[in-house]
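The structure displayed is predicted, hence computed values, not measured ones.
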Amino acid sequence: GEPSAAGPSEADVKKCENVIERAKEDNPLDDPYLTLNVTDSATTAEIRRAYRKLSLELHPDKHNKALCGEEAQKAFTNIVNAHELLSDPDRRAAFDMFGDGDAESFNTQWEYEEYGRKSSKNFYSGSRHITNIDEKLWKSMGEQGKKARAKRVWIIEFYAPWCGACQSFTPTFKDLAKKIAEHEPSELDDWYGVDIEVGAVNCELNANLCQREFNIRKYPTIRLVSPAYGTQHELNTGGADDMKEAAYEISAEWLWLFSRAQVEEVESRPAFQEMVMESESFHIVLFMDGETCGPCRSAKTNALRLSAGLMGSGADARVSFVNCGRDTEVRKFCTDEVGIQGTGWAPQVRGYAAGSEEVKGEVGFAGELLYNANEVPPHAALRMIESIVRLSSKVDEAEGAMDGGGGGK
């Protein structure tokens with residue numbers, strides 16, 4: 001391995017090229033199987049044989065020290081560390097479950113920050129059935145989904161690496177992902193075109209995505225989400241079979257809603273004037289402080305349900321939404337003319353009478369607040385609104401029939 005007076009040989013250069021490439025691994029424990037060139041199903045004997053072969057090939061004494069001595073030492077240390085992890089049954093099991101052979105468990109984030117904070121690894125690195133979602137990928141999924149109005153629905157786990165409950169839940173979530181991947185579509189699935197993917201978000205690495213976009217309050221949280229339509233539903237962290245059944249049932253309902261409901265976005269003040277204030281129909285308008293917050297997604301889902309429920313009822317009613325966080329002009333409209341103050345407020349649903357702006361009276365752009373989210377659960381309130389609108393349309397029909405039925409009053 002020592003250099004000759006004539007310089008390194010061609011064989012030395014070739015061997016060093018391999019070592020230099022292997023030394024580029026920042027952390028071999030990110031994937032010890034890859035470091036040792038074995039699969040995750042390799043037996044202990046297979047791992048031992050692979051280690052012996054590589055240790056002979058990469059030992060620093062077998063390389064030109066001047067040419068690649070430092071890299072050879074690093075490459076050799078990498079395979080030693082990978083072998084140590086996979087040779088320990090407990091560490092290997094922890095890596096297979098959490099992607100970390102030295103994972104620590106804590107009950108609260110305070111404990112983690114006070115005593116741990118050693119790792120923020122993704123639990124599902126290398127998983128064949130689970131996509132690791134970060135902020136950049138989520139933004140791309142949303143943009144692509146809106147353009148194509150894609151029917152794809154995602155089951156997403158939001159977790160923190162320090163969370164003991166998340167670590168315990170990992171095998172169940174992997175089982176769920178496997179069952180989804182192997183799912184044989186039913187007639188209902190085919191009819192609606194149900195397409196479910198499984199993803200996971202490490203909230204320690206993607207805090208903004210978890211807090212600002214999804215308003216995650218506990219770990220683990222499992223959400224069913226449509227990036228294209230902005231709907232979401234929280235699933236109970238039960239068994240894999242129960243979660244899978246619930247996911248397909250809810251996805252089928254959503255796709256029915258997407259095909260039937262008509263919920264238009266009102267994108268500006270002039271559009272609001274035309275679509276709502278000058279409309280001859282009764283209008284129910286959802287105001288949201290952005291489209292991505294957790295309560296906003298739930299409100300959007302409920303608005304779709306309301307619209308779908310009113311379709312075919314005979315009621316002359318329309319459902320729309322305003323994203324007050326769309327731009328500064330819309331924000332100013334929501335604040336100054338609708339009368340919604342501050343930021344970070346819960347979604348509001350307001351009603352606007354049918355007829356001209358004069359008919360709508362003094363309430364003007366503010367409309368009538370239809371319920372208080374602090375007093376009535378939103379999904380229950382919107383069911384009541386649907387029933388009231390249906391009943392009022394029946395009353396209008398009856399009065400119309402009386403007026404035109406002869407005899408007069």
Side-chain angles (χ1 to χ4, degrees), residues 1-2 11-106 111-132 134 159-164 166-168 170-171 173-174 200 202-206:
E2 294 295 335
D12 284 342
V13 172
K14 189 171 183 179
K15 284 198 298 182
C16 276
E17 287 177 354
N18 178 44
V19 165
I20 291 170
E21 190 63 33
R22 277 187 160 273
K24 289 180 180 178
E25 286 186 69
D26 290 331
N27 186 357
L29 300 188
D30 282 344
D31 192 342
Y33 294 108
L34 182 63
T35 300
L36 295 180
N37 294 335
V38 295
T39 66
D40 58 7
S41 60
T43 64
T44 302
E46 289 171 336
I47 290 171
R48 189 184 305 116
R49 283 196 297 271
Y51 168 68
R52 285 175 178 170
K53 178 183 176 183
L54 287 171
S55 63
L56 290 172
E57 178 185 327
L58 300 174
H59 197 283
D61 290 347
K62 293 184 175 292
H63 293 82
N64 186 314
K65 288 184 173 59
L67 191 62
C68 61
E70 187 177 332
E71 290 85 352
Q73 184 62 54
K74 182 179 179 184
F76 184 74
T77 302
N78 285 351
I79 64 165
V80 170
N81 291 338
H83 178 252
E84 286 180 352
L85 190 156
L86 296 181
S87 296
D88 183 321
D90 292 334
R91 293 183 68 199
R92 182 179 179 181
F95 177 83
D96 288 344
M97 282 198 293
F98 315 127
D100 188 346
D102 301 299
E104 291 188 85
S105 171
F106 298 90
E111 291 177 325
Y112 169 66
E113 292 175 345
E114 189 72 13
Y115 300 109
R117 211 165 188 86
K118 289 184 178 179
S119 173
S120 56
K121 287 180 64 66
N122 290 323
F123 282 178
Y124 304 103
S125 294
S127 173
R128 288 176 293 174
H129 307 307
I130 301 172
T131 299
N132 286 293
D134 58 18
Y159 69 92
W162 50 264
C163 162
C166 302
Q167 294 178 12
S168 300
T170 299
F173 196 64
K174 285 185 174 181
N202 181 342
C203 292
E204 196 59 30
L205 297 177
N206 301 281

> What are the two closest non-hydrogen atoms of Tyr33 and Thr39, and how far apart are they?
Replying inline: CD2-O, 3.2 Å
> With sequence neighbours left out, what residues match His83 under ring-ring contact (aromatic ring centres under 6.0 Å, His included)?
Replying inline: Tyr51
>> If you compare all heavy atoms of Thr35 against all heavy atoms of Leu54, which two are closest, and at what distance to 0.1 Å?
In response: O-CD1, 3.7 Å
> Taking all non-hydrogen atoms of both residues, which atom of Leu36 and which atom of Ile79 are closest, and how far apart?
Replying inline: CD2-O, 3.8 Å
>> Donor-acceptor pair, distance only, cut-off 3.5 Å: does the side chain of Ser87 make one with the backbone of Glu84?
In response: no
> How many angstroms lie between CG in Leu205 and CG in Asn122, if you round to the nearest 0.5 Å?
Replying inline: 5.5 Å
>> Suppose we screen for side chain to side chain donor-acceptor pair (under 3.5 Å). Which residues come up paired with Glu57, at least two apart in sequence or across chains?
In response: Asn18
>> Return the CG to CG distance between Leu86 and Asp40, rounded to the nearest 0.5 Å.
In response: 10.0 Å
> Rounded to the nearest 0.5 Å, how far apart are CD of Glu17 and CG of Leu67?
Replying inline: 9.0 Å
>> In the structure I gave you, are the side-chain heavy atoms of Gln167 and Phe123 within less than 4.5 Å of one another anywhere?
In response: yes
> Taking the side chain as C-beta and beyond, is there a heavy-atom pair between Tyr124 and His129 under 4.5 Å?
Replying inline: no
>> With rounding to the nearest 0.5 angstrom, report the CD to CG distance, Gln73 to Asp61.
In response: 9.0 Å
>> Please give me the minimum heavy-atom distance between Val38 and Ile47, naming the atom from each residue.
In response: CG2-CG1, 4.3 Å
> Looking only at heavy atoms, what is the nearest atom pair of Ala75 and Leu58, with distance?
Replying inline: O-CD1, 4.3 Å
> With Glu46, which residues qualify under side-chain contact (heavy atoms from CB on, under 4.5 Å), at least two apart?
Replying inline: Ala42, Thr43, Arg49
